[in-house]
Amino acid sequence: MSKEEPLILGIETSCDETGVGIVRGQTLLADAIASSVEEHARFGGVVPEVASRAHLEAMVPTIRRACETAGIKPTDVDAIAVTSGPGLAGALLVGVAAAKGLALSLDKPLYGVNHLAAHVAVDTLEHGDLPKGAIALLVSGGHSSLLAVEDITEGVVPMGSTIDDAAGEAFDKVARVLGLPFPGGPYIDKAARDGGDRLYVKFPRGLTSQRDLERHRFDFSFSGLKTAVARWVESKRRDGEDVPVNHVAAAFQEAVCDVLVRKAIDACKDRGYEHLLIGGGVAANSRLRQMAEERCTAAGIAVRVPRPGLCTDNGAMVAALGSELVRAGKTPSPLGLPADSSMPITEVLNK
């Protein structure tokens with residue numbers, strides 16, 4: 001190990017992005033990404049076999065590009081970090097196999113990390129050390145979670161999660177109903193900003209009634225909202241009326257963000273925490289960022305959100321978590337570590 005901050009190479013292949021990041025301590029040196037999203041667009045969602053094949057083709061060129069950007073050789077790194085779960089099984093296998101090969105050939109320690117915990121750790125690259133006690137709101141195509149984080153290297157405590165569709169999944173499905181491209185998040189965000197009236201329709205807020213809060217205080221549900229939007233649009237089209245896409249997109253987005261921020265602030269108050277971390281692909285949404293900032297300021301809670309490019313899946317977040325684990329002196333994963341598609345959030349490091 002070098003005397004200066006550890007140099008970590010991180011590999012991310014949990015879904016459709018092949019990401020390779022290189023971090024020294026908490027300084028980002030390279031964040032190379034090869035996305036296969038265009039190959040999935042015609043199917044309206046990610047196809048696991050297509051994603052796995054794309055990772056195989058992109059892995060070596062992306063590692064090479066990251067090293068060139070960082071101005072290092074693979075032999076310079078102190079450790080290899082890789083997403084070992086959760087995610088698509090085939091996609092994870094490609095990344096884990098590549099990381100094992102690197103670790104073995106370079107004689108470097110290997111850290112198999114949790115994808116969701118990495119979304120929390122990436123904030124260190126922008127804002128430094130994580131606060132000692134924070135709520136993390138993770139929102140993406142596959143996950144909507146509220147986590148209590150005292151020390152990211154020790155683990156996290158799940159407070160709530162989605163019981164059906166994740167927020168990002170709902171964005172994709174509503175975008176399809178509105179005739180917008182895949183992935184839906186950026187297009188709904190843009191449609192809402194382009195003259196959308198977020199008060200045009202009052203769409204339902206899932207799991208916010210008093211009865212729901214008794215059982216699912218910190219859980220999320222977006223399936224009912226998605227269905228409500230689809231039925232509203234269908235009724236307009238059935239009556240021969242034009243569907244105001246911008247207004248519907250804005251009203252739908254408002255409903256999602258309202259629930260996410262409301263429950264995140266409630267979780268902060270419940271734990272007595274004064275910091276909220278937001279991560280995951282949906283954290284790039286402009287309305288979510290704006291609403292969180294406004295409401296958290298009013299509640300006396302500090303918000304930390306990485307720049308949009310670090311919110312979506314990337315290798316930098318994996319390297320960032322690997323760096324925190326190395327700096328904390330955590331024991332590396334065994335070379336035989338598996339790809340675990342259902343790796344629990346309570347398990348930050350695959351041992």
Side-chain angles (χ1 to χ4, degrees), residues 12 14-19 31-47 50-51 54 58 87-88 91 115-116 119 122-123 126 137-145 162 165-198 200-201 203 220 222 225-226 229-230 233 243-261 278-293 303 305-317:
E12 155 62 22
S14 67
C15 192
D16 59 341
E17 270 95 20
T18 307
D31 184 22
I33 295 176
S35 177
S36 62
V37 65
E38 291 183 4
E39 298 177 48
H40 304 283
R42 63 194 175 103
F43 300 106
V46 176
V47 181
V50 173
L88 301 175
H115 177 81
L116 299 182
H119 271 303
V122 74
D123 191 72
E126 201 142 283
L137 170 65
L138 299 185
V139 276
S140 66
H143 307 278
S144 297
S145 306
T162 184
D165 289 358
E169 185 180 359
F171 269 92
D172 289 338
K173 290 178 177 176
V174 168
R176 194 180 310 160
V177 167
L178 295 176
L180 296 173
F182 173 86
Y187 294 100
I188 284 182
D189 194 3
K190 183 179 185 302
R193 291 199 310 270
D194 291 346
D197 178 3
R198 52 182 181 258
Y200 187 80
V201 190
F203 287 125
F220 300 103
F222 297 108
L225 168 61
K226 171 204 68 182
V229 175
V233 170
V243 174
V245 172
N246 294 29
H247 295 334
V248 176
F252 160 74
Q253 180 173 271
E254 191 72 5
V256 173
C257 295
D258 180 23
V259 174
L260 291 172
V261 174
I278 306 180
V282 180
N285 181 274
S286 63
R287 180 56 182 155
L288 177 60
R289 297 166 85 94
Q290 178 189 30
M291 185 186 291
E293 193 65 48
V303 183
V305 192
R307 62 181 181 272
L310 292 179
C311 291
T312 51
D313 293 349
N314 58 78
M317 69 187 207

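Keep in mind that what you see is a predicted model, and the values were worked out from it rather than measured.
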Give me the atom names and distance for the closest heavy-atom approach of [X] to [Y].
| X | Y | value |
| --- | --- | --- |
| A51 | C15 | CB-O, 3.5 Å |
| A175 | I188 | N-CD1, 3.8 Å |
| G142 | A166 | C-CB, 3.6 Å |
| A191 | L180 | CB-CD1, 4.5 Å |
| D197 | H247 | N-ND1, 3.0 Å |
| A283 | C311 | CB-SG, 3.7 Å |

Do the non-hydrogen side-chain atoms of [X] and [Y] ever get within less than 4.5 Å of each other?
| X | Y | answer |
| --- | --- | --- |
| D31 | L310 | yes |
| M317 | E12 | yes |
| S36 | H40 | yes |
| V248 | V177 | no |
| F203 | D258 | no |
| V37 | F182 | yes |

**OP:** Could you tell me how the ring of H119 sits relative to the ring of H115: parallel (under 30°), tilted (30 to 60°) or perpendicular (over 60°)?
**Re:**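 Ring orientation, 0 to 90° scale: perpendicular.
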Original post:
Restricting to pairs with a member in residues 246-256, which pass salt bridge (charged side-chain N to carboxylate O under 4.0 Å, His left out), not counting sequence neighbours?
Top reply: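 Every salt bridge (charged side-chain N to carboxylate O under 4.0 Å, His left out) pair that includes a residue of residues 246-256, provided the two are not neighbours, is R198-E254, E254-R287.
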Look only at the side chain of [X] and the backbone of [Y], and say whether a donor-acceptor pair between them is shorter than 3.5 Å.
| X | Y | value |
| --- | --- | --- |
| E126 | R307 | yes |
| D172 | G184 | yes |
| S144 | A167 | yes |
| N246 | P244 | no |

Rounded at 0.5 Å granularity, tell me how far [atom1] in [X] sits from [atom2] in [Y].
| X | Y | atom1 | atom2 | result |
| --- | --- | --- | --- | --- |
| N285 | Q253 | CG | CD | 4.0 Å |
| D16 | T312 | CG | OG1 | 10.0 Å |
| L138 | S145 | CG | OG | 6.0 Å |

**OP:** Check ring-ring contact (aromatic ring centres under 6.0 Å, His included) between F171 and all other residues, then give those that pass, not counting sequence neighbours.
**Re:**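 Listed in chain order: F252.
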Original post:
salt bridge (Lys or Arg N to Asp or Glu O under 4.0 Å) with D194: which residues, sequence neighbours excluded?
Top reply: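 With sequence neighbours excluded, D194 shows a salt bridge (Lys or Arg N to Asp or Glu O under 4.0 Å) to K190, given in chain and number order.
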Subject >> R289 with E293: basic N within carboxylate O range, under 4.0 Å >> reply: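 So R289 does not pair with E293 through a salt bridge.
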**OP:** List the steps, then state whether side chain to side chain contact (heavy atoms under 4.5 Å, CB included) holds for L260 with I278.
**Re:** CA-CA 10 Å; L260 291 172; I278 306 180; over 6 Å; no
